[in-house]
2 protein chains.
Amino acid sequence: MRPKITLKKIAKEFEVSISTVSKALKDSNEISKDLREKIQAFAKLYNYKPNSLAVRLQNQQTKVIGVVVPDIVHHFFSMVIRGIEEVTNKRGYNVMICLSNESFDKEVMNIDMFTNGSVDGLIASISKETQRKNDYSHFKNLLEDDFPLVMFDRINEDFNCDKVIIDDVSGAMNATSHLIETGCEKIALVTTPNEITVGALRKKGYVKALQSHGLEADTNLMVEVNEKQSIREQIEELFDRNVPDGIFAVNEVYAVTAMNVAREKGFKIPEDISVIGFTDGPISQLALPPLTTVVQHGFTMGKQAAELLLDRIESKEDIQPQKIVLSTNLKIRKSTKSV
Amino acid sequence: MRPKITLKKIAKEFEVSISTVSKALKDSNEISKDLREKIQAFAKLYNYKPNSLAVRLQNQQTKVIGVVVPDIVHHFFSMVIRGIEEVTNKRGYNVMICLSNESFDKEVMNIDMFTNGSVDGLIASISKETQRKNDYSHFKNLLEDDFPLVMFDRINEDFNCDKVIIDDVSGAMNATSHLIETGCEKIALVTTPNEITVGALRKKGYVKALQSHGLEADTNLMVEVNEKQSIREQIEELFDRNVPDGIFAVNEVYAVTAMNVAREKGFKIPEDISVIGFTDGPISQLALPPLTTVVQHGFTMGKQAAELLLDRIESKEDIQPQKIVLSTNLKIRKSTKSV
DNA sequence: CTGTTAGCGCCTTCAG
DNA sequence: CTGAAGGCGCTAACAG
């Protein structure tokens, strides 16, 4: 790579001091107009840009924020990232993304890396493995140092930091209620294992909705999908045990898979079985029939998380950590009966 | 945020010089074992980490690479990013991602930002708007400075830089040939406008396959989707003009949309109409029937791009730019007839 | 064994 | 109007 042009080199070129050049480039009228213009022209010609590392070292701030997400090949997370990008860019920051790939070790490494001064703050969502291990010491260290941290979606309630989540319980309640109100009586739940907090919360909402409508929660109608095995087979087993007339699934993939299983077994959607998913991505939109779903507003979530983080970074005083709870809404399409 | 601990502070604590501390932390035996251990213990206690900015400024390398992609909410691009992450992390680098959102201006800004010394090299894929405007001066500037650059997928053939692409023409040929060989005679093409290079190449492959089988390319059977309007309606218009018995679409969304339109018009897939898509994402896998598709190997592409870039960054001598062409393969599922 | 010095690229007083 | 000096945090060569 061609060596970059620096203040020093420009200074040598004009046989003036570095600080003169620096001022000239800042268009300071401490410098004669003549010299200023010459230096500026020269700098433009050679495409001078202040070395960002030097500037950051000087200012003791990087104008970069770190993002740690479990996965990027996932509509929800990529929407969140898009939201984060949107506001950080608008506010003059850049984004450095690291993927934990749902792995505890990688998450720890990522966080460790980020705290060496390369970013001004962090936005994170916890990996599944971390949730299973229930070991959050890496995050706790951050908080002890008052490192600006915002967690989203997969959070830990105990942390005293900014959080942005959706109201999973209500979302699931609404979905389940909708199924009940459109005539379903045997509603299955397709969810994650309980360690995944959002799965647990959505299950809670599901159970609550059943109870408030006087229905029993029947474990025979619930599947906790083990992602190490075939999702499809686990749902087929549900059908073998007990055929539902409604299905609430905690994500798109489970929902569409359930729908496909149902159809292959000869059931009609929504006439025989209604299905509702969670997260409004292309999979839901392009499914046939298009999937009724709980819309999760990942983009908004990303924007809010970024706003919280930048506010914290830029504020002089301590500010109390906030918890923002975004409400979901039910996008009714064709996989459920009309009222 | 709690002020970070520095060598200086540790030095003051022990009333030694900064370089003593530096050496002690590097476990240099220039320093007495006793002092070394004390300093190390202290550093660990206070969770000392060298300030990465200072180190990078010193070393004149950031160990960060920049990635500019048009979109992240897109299975192919997120797979590429995952591939990039995989090898960069393995080789001790981090990744900074910027989204151009398919916008020319944002792309220019991103690239501009990246060349201020914050990254050692760049991996990029061109935005649609840039392809339409056909203005590549921002990339050309990079090349003039010998800035390490690898382009992938949406590239410009004229650039003298490393490139990783897939063999779009062959991929499209294979897909189209497969349709022909399984009995289709009126094969429609659903593609992008011609400015999008990969769309143009896939169209070329489609036409080639038709010709080599003695079939005419019929513009009446082609749709160039204008994404500003409804994709679905544009495909419906195709059906109104001319009902095909096979459809080759240049991406997942077009393919599944086409399939859905066909079914709603009462056609059976694959009995009446066969459909093949491009890019093997969840949308294809979860479609009903699961979509036969040209597999694009985004993960591999990302890995290769990153290897090329890091090799270039780390090499002392000039190395000739390489062009890696990844071949695709046809993943046959249920949306096409068997031979 | 420990310290001094210089320098990475930049910026900001403060002198002249 | 211009320049010298000091400092951001760290490393490395060189003294002592």
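Being a predicted model, the structure only gives us computed values, none of them experimental. Each chain gets a letter, A, B and so on, in the order its sequence line appears, and its residues count up from 1.
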Query raised in the report: Do B/Asn156 side-chain atoms and B/Asp158 backbone N/O form a donor-acceptor pair below 3.5 Å?
Result: yes
Query raised in the report: Is there a donor N/O on one and an acceptor N/O on the other, under 3.5 Å, for the side chain of B/Ser19 and the base of C/dT4?
Result: yes
Query raised in the report: Should A/Lys4 and A/Tyr46 be marked as a side chain to side chain contact (heavy atoms under 4.5 Å, CB included) after you check the CA-CA gap, both sets of side-chain angles, and the distance that decides it?
Result: CA-CA 9 Å; A/Lys4 292 218 177 59; A/Tyr46 283 90; over 6 Å; no
Query raised in the report: What integer distance in Å separates A/Lys49:NZ from C/dC11:C1'?
Result: 20 Å
Query raised in the report: For the side chain of B/Lys23, counting heavy atoms from C-beta on, which of C/dG3, C/dG9, D/dG3 is nearest?
Result: C/dG3
**Report entry** 5'-most by nearest nucleotide on DNA chain C - B/Leu57 or B/Ile31
**Finding:** B/Ile31
Report summary line: Closest to the side chain of B/Leu35, out of C/dT2, C/dC8, C/dC11, is C/dT2
Query raised in the report: Can you find a side chain N or O atom of B/Lys8 that sits less than 4.0 Å from OP1 or OP2 on D/dC10?
Result: no
Query raised in the report: With no angle test and no hydrogens, is the base of D/dG9 tied to the side chain of B/Lys4 by a donor-acceptor pair under 3.5 Å?
Result: no
Query raised in the report: Reckon A/Ser22 has a side-chain N or O less than 4.0 Å from the OP1 or OP2 of C/dC11?
Result: yes
Query raised in the report: Is a side-chain donor or acceptor of B/Ser28 paired with a backbone partner of B/Ala24 at a separation under 3.5 angstrom?
Result: no
Requested in this report: Please report, rounded to the nearest Å, how far the C1' atom of D/dC8 is from the CZ atom of B/Arg56.
Outcome: 15 Å
Query raised in the report: Taking NZ from A/Lys12 and P from C/dG9, how many angstroms apart are they, rounded to a whole number?
Result: 11 Å
Query - Selection from D/dT2, C/dT2, D/dG9 that lies nearest to any side-chain heavy atom of B/Ala54 - result: D/dG9
Query raised in the report: Closer than 4.0 Å, any side-chain N/O of B/Ser17 to the OP1 or OP2 of C/dG3?
Result: yes
Report task. I would like to know whether B/Lys106 and A/Asn89 meet side chain to side chain donor-acceptor pair (under 3.5 Å); could you show each step before the answer? Result -> CA-CA 10 Å; B/Lys106 246 204 121 191; A/Asn89 283 168; 2.9 Å; yes
Query raised in the report: Closest to the A/Thr6 side chain: C/dC10, D/dC10, D/dT2?
Result: C/dC10
Report task. Have a look at A/Val21 and tell me which of A/Leu7, A/Leu35, A/Thr6 forms a side-chain contact (heavy atoms from CB on, under 4.5 Å) with it. Result -> A/Leu7
Requested in this report: Look at the side-chain N and O atoms of A/Tyr48 and state whether any lies under 4.0 Å from the OP1 or OP2 oxygen of C/dC10.
Outcome: yes
Requested in this report: Taking only the side-chain heavy atoms of A/Leu7 (C-beta and beyond), determine which of C/dC11, D/dC8, D/dG9 contains the nearest atom.
Outcome: C/dC11
Query raised in the report: For the side chain of A/Gln58, counting heavy atoms from C-beta on, which of D/dG3, D/dG7, C/dG3 is nearest?
Result: D/dG7
Requested in this report: Starting from the 5' end of DNA chain D, give me the residue, B/Val55 or B/Glu30, whose nearest nucleotide shows up first.
Outcome: B/Val55
Report task. Report yes if a side-chain nitrogen or oxygen of A/Gln61 is closer than 4.0 Å to either non-bridging phosphate oxygen (OP1 or OP2) of D/dC8; otherwise report no. Result -> no
Report task. Decide yes or no on salt bridge (charged side-chain N to carboxylate O under 4.0 Å, His left out) for B/Asp162 and B/Lys323, but give the supporting numbers first. Result -> CA-CA 6 Å; B/Asp162 289 314; B/Lys323 175 160 131 185; over 6 Å; no
**Report entry** Nearest listed nucleotide, side chain of B/Asn51, among D/dC10, C/dG9, D/dT11
**Finding:** D/dC10
Query - Whole angstrom value for the distance that separates P of C/dT2 from NZ of B/Lys33 - result: 14 Å
**Report entry** Distance in angstrom units between B/Ile18 CD1 and D/dA12 P, rounded
**Finding:** 15 Å
